[in-house]
There are 2 protein chains.
Amino acid sequence: MGAPLNDRSQNILEAIVEDYIRTAEPIGSRAITKRHAFDLSPATVRNVMADLEEMGFLVSPHTSAGRIPTEKGYQYYVESLLQVNDLPAEFRNSLEEGSRFDGKSMENVMQEVGNLLSGISRYTGLVMAPRFNSTVFRQIEFVRLSKGRLLVIFVSESGLVQNKVIEPGIDFSHRDLETITNYLNHRLPGMTIAQVRERIAVELREEQSRLNKLQKQALELSDQALQGDVAEQVYVAGTSHMLEQPEFTSPDSMMKIMRTLESKQQLIDLLDCSQTARGVQIFIGSQSAHSEIEGCSLIAAPFSGNKGAVGTLGVIGPIRMNYSQVIPIVDFTASLVSRILDRES
Amino acid sequence: MGAPLNDRSQNILEAIVEDYIRTAEPIGSRAITKRHAFDLSPATVRNVMADLEEMGFLVSPHTSAGRIPTEKGYQYYVESLLQVNDLPAEFRNSLEEGSRFDGKSMENVMQEVGNLLSGISRYTGLVMAPRFNSTVFRQIEFVRLSKGRLLVIFVSESGLVQNKVIEPGIDFSHRDLETITNYLNHRLPGMTIAQVRERIAVELREEQSRLNKLQKQALELSDQALQGDVAEQVYVAGTSHMLEQPEFTSPDSMMKIMRTLESKQQLIDLLDCSQTARGVQIFIGSQSAHSEIEGCSLIAAPFSGNKGAVGTLGVIGPIRMNYSQVIPIVDFTASLVSRILDRES
DNA sequence: ATTAGCACTCACTTGCGTTGAGTGCTAAAG
DNA sequence: CTTTAGCACTCAACGCAAGTGAGTGCTAAT
């Protein structure tokens, strides 16, 4: 699908896409010649537009309206025509300002980053915290809540904290717990949670005989503590910006979009795609997979500390999204968050 | 404003409110006589309705429409006419089912409870976790993240966990931290966070001379750790149910309501009102304070463990809300959560 | 006190003509 | 061969008028 477009067609396509992104209204041939100083008559532009339509870059909603870009049109625009703006200094500042983390927990930081993403882009901001299972274990603590009920707290290298309540069969004493905690905290750091689990399984199987009772209990306990994948954390911010978009003015589409943004799982699936990739990724319309988010595009980028904790953040908005503005925002924010995670180690 | 309403007027008012809650459409005199077996002609009902309108319980949107309840009408209905249904067993079951907390953190439980509230009521569920400052301190842990950067983890009696990153001036060694942790964990449990802070301030002021260096550092460190109120946590679930309500079909009102539900602070203010009260509280329309939530009612109840941690949960929906169904849901859920918090101790 | 009857009101719907932005086609001009 | 001017055509959107019907308030009869 190379680029069988000559310069003039490209210019016109670019003009249409950009005007449409601004106005959200079908662009007519006259409007083009007026707004941009091509030395062409509307009729010529019409011919070019007819060609672009035939090639699948444009459609007209009805005979007597202007043209709007198709998904393919946007894709071509993003891949070949778009020039990304620099991130304005004010945005850069408020991002750096807002992500100071002194006195905040990592969760707060993630939430705050989501708010910043949405506030600056004026679309909806998404942040998916690193999957806990892939983060590097740093420390574990047990708190005895009541008879037989324990609170387990994990801390990862990157400063993420997770906790859960478990009910092991045995009622450990304060002393036991302390010993177990020490034992585990000396042996486990440096591995990912996944590796830790594997290690525990191996030791329980193969070294049974060489372990004393408490060591065995320690392993069994941490096995239970690590059981069950911890659900991903997604922070969504600025959902109401979505409703401000003219493409979602109908009550129906408003409900649809809000339902989608409410279902964390769908968002996780979406963001997972760009987990592994490097740098900013752009999913335009139905490119964003199986997903139910019709009419939306996603600009996402992974972030990661040097200890391997990988999360994803991004901005979701209508296909008619201001790509040139949002891309640098996402890009910069991702590296910012990476920097924050790194600083922890 | 006593009750200058005779039985017949009451019955008719009740019928109108309940029919309107069901249909969301103005109720006419004929509809009343048809749907309910009062032995009255439409004309009589009309007379009564005119009286009720004069008294401020009803209004008609325009001359040739039926009547709808005013806020005052709802208030009278809720206070004097409403009979609360029992909570259907299926709801009770799914609530009890869903709030099993084994393997979940308290935050997960709160979130889950929000989901249940909204899922069952089909309105929007709110849960405000206990303010951390008012919870009883149980344990503190320090994790050294990097040079000069500490992660502090607090655990409250009720199993709530909070963490934050701080940067004390000094770079404590692992050993120091252990000592400090032990020192604090022996002295502080049993007090609320607020009390702890006070105590620390007093000791630092009055017992300066009697403390060794590490003890002093311990106190200073925990002072910093406790500084700054931790933001309240509000869990909001099922916001899209709001958009399903016929009163919010216009794009404008949809945006308005979503913006409100997005701003945690407004919700906190709202829920704070019922923090101190006992049992289910009902805020109808503008009763729900200064707040911007026009056209909404809130049904809320505080929950609390025996250790004093107090939170609030509730359901928010249109004024035309199914009070008789939602009240028992909120009531039961609040006591359920209280039970969960209690069980921890 | 209640009810039947009746004139009246007014949001809502339907249909119809007008408007205007925009198109595609054709034929002339460069 | 490309570009442009001209023109007939299309069709969503807007506004207006008439018709419809649910519901009311008032009056007079029961």
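Convention: sequence-line order gives letters A, B, ...; per-chain numbering from 1. The shown structure was predicted, so the numbers you read here are calculated from the model rather than taken from an experiment.
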Exercise. Write out all pairs satisfying salt bridge (charged side-chain N to carboxylate O under 4.0 Å, His left out) with one or both partners inside residues 50-64 of chain B, taking only residues at least two apart or from two chains.
Key: B:E53-B:R67
Practice problem: Take B:N6 and B:S9 through the side-chain hydrogen bond (donor to acceptor under 3.5 Å, both in side chains) test and state the conclusion after the steps. | Solution: CA-CA 5 Å; B:N6 58 35; B:S9 306; 2.7 Å; yes
Quiz item: Tell me, for nucleotides 9-19 of chain C in 5' to 3' order, what letter each nucleotide earns: B for a base near a protein heavy atom under 4.0 Å, S for only sugar-phosphate near one, - for neither?
Solution: BBS--------
Quiz prompt | Where chain B begins and ends its contact with DNA chain D, read 5' to 3' at 4.0 Å from heavy atoms | solution = D:dA22 to D:dG25
Quiz prompt | For B:R46, salt bridge (charged side-chain N to carboxylate O under 4.0 Å, His left out) partners two or more places apart | solution = none
Quiz prompt | Nucleic acid contacts of residues 39-56 of chain A, taken as heavy-atom distances under 4.0 Å to DNA chain D | solution = A:D39, A:L40, A:S41, A:A43, A:T44, A:R46, A:N47
Check: residues 15-22 of chain B side-chain donor-acceptor pairs under 3.5 Å, at least two apart:
residue, atom, partner, partner atom, Å
B:E18, OE2, B:Y77, OH, 3.0
B:D19, OD1, B:R22, NH1, 3.4
B:D19, OD1, B:H36, NE2, 3.2
B:D19, OD2, B:R35, NE, 2.9
B:D19, OD2, B:R35, NH2, 3.3
B:D19, OD2, B:H36, NE2, 3.2

Quiz prompt | Test salt bridge (charged side-chain N to carboxylate O under 4.0 Å, His left out) applied to B:D272 - qualifying residues, sequence neighbours left out | solution = B:R131
Quiz item: Does B:E244 have any salt bridge (charged side-chain N to carboxylate O under 4.0 Å, His left out) partners at least two apart in sequence or in another chain, and if so, which?
Solution: A:R259
Quiz prompt | Pairing residues for A:Q111 by the side-chain hydrogen bond (donor to acceptor under 3.5 Å, both in side chains) criterion, not counting sequence neighbours | solution = none
Sequence neighbours left out, cut at 3.5 Å: what donor-acceptor pairs do the side chains of residues 85-92 of chain B make with other protein atoms?
none

Quiz item: Is it true that the side chains of A:Q10 and A:Y76 contain a donor and an acceptor less than 3.5 Å apart?
Solution: yes
Quiz prompt | Straight-line distance of A:Y123 OH to A:N322 CG, nearest 0.5 Å | solution = 5.0 Å
Exercise. Tell me, please, which residues at least two apart from B:E25 pass salt bridge (charged side-chain N to carboxylate O under 4.0 Å, His left out).
Key: none
Exercise. Residues of residues 21-32 of chain A with any non-hydrogen atom less than 4.0 angstrom from an atom of DNA chain C: list those, numerically ordered, please.
Key: A:G28, A:S29
Exercise. Starting at CG of B:L267, measure out to OG1 of B:T260 and round the result to the nearest 0.5 Å.
Key: 8.0 Å
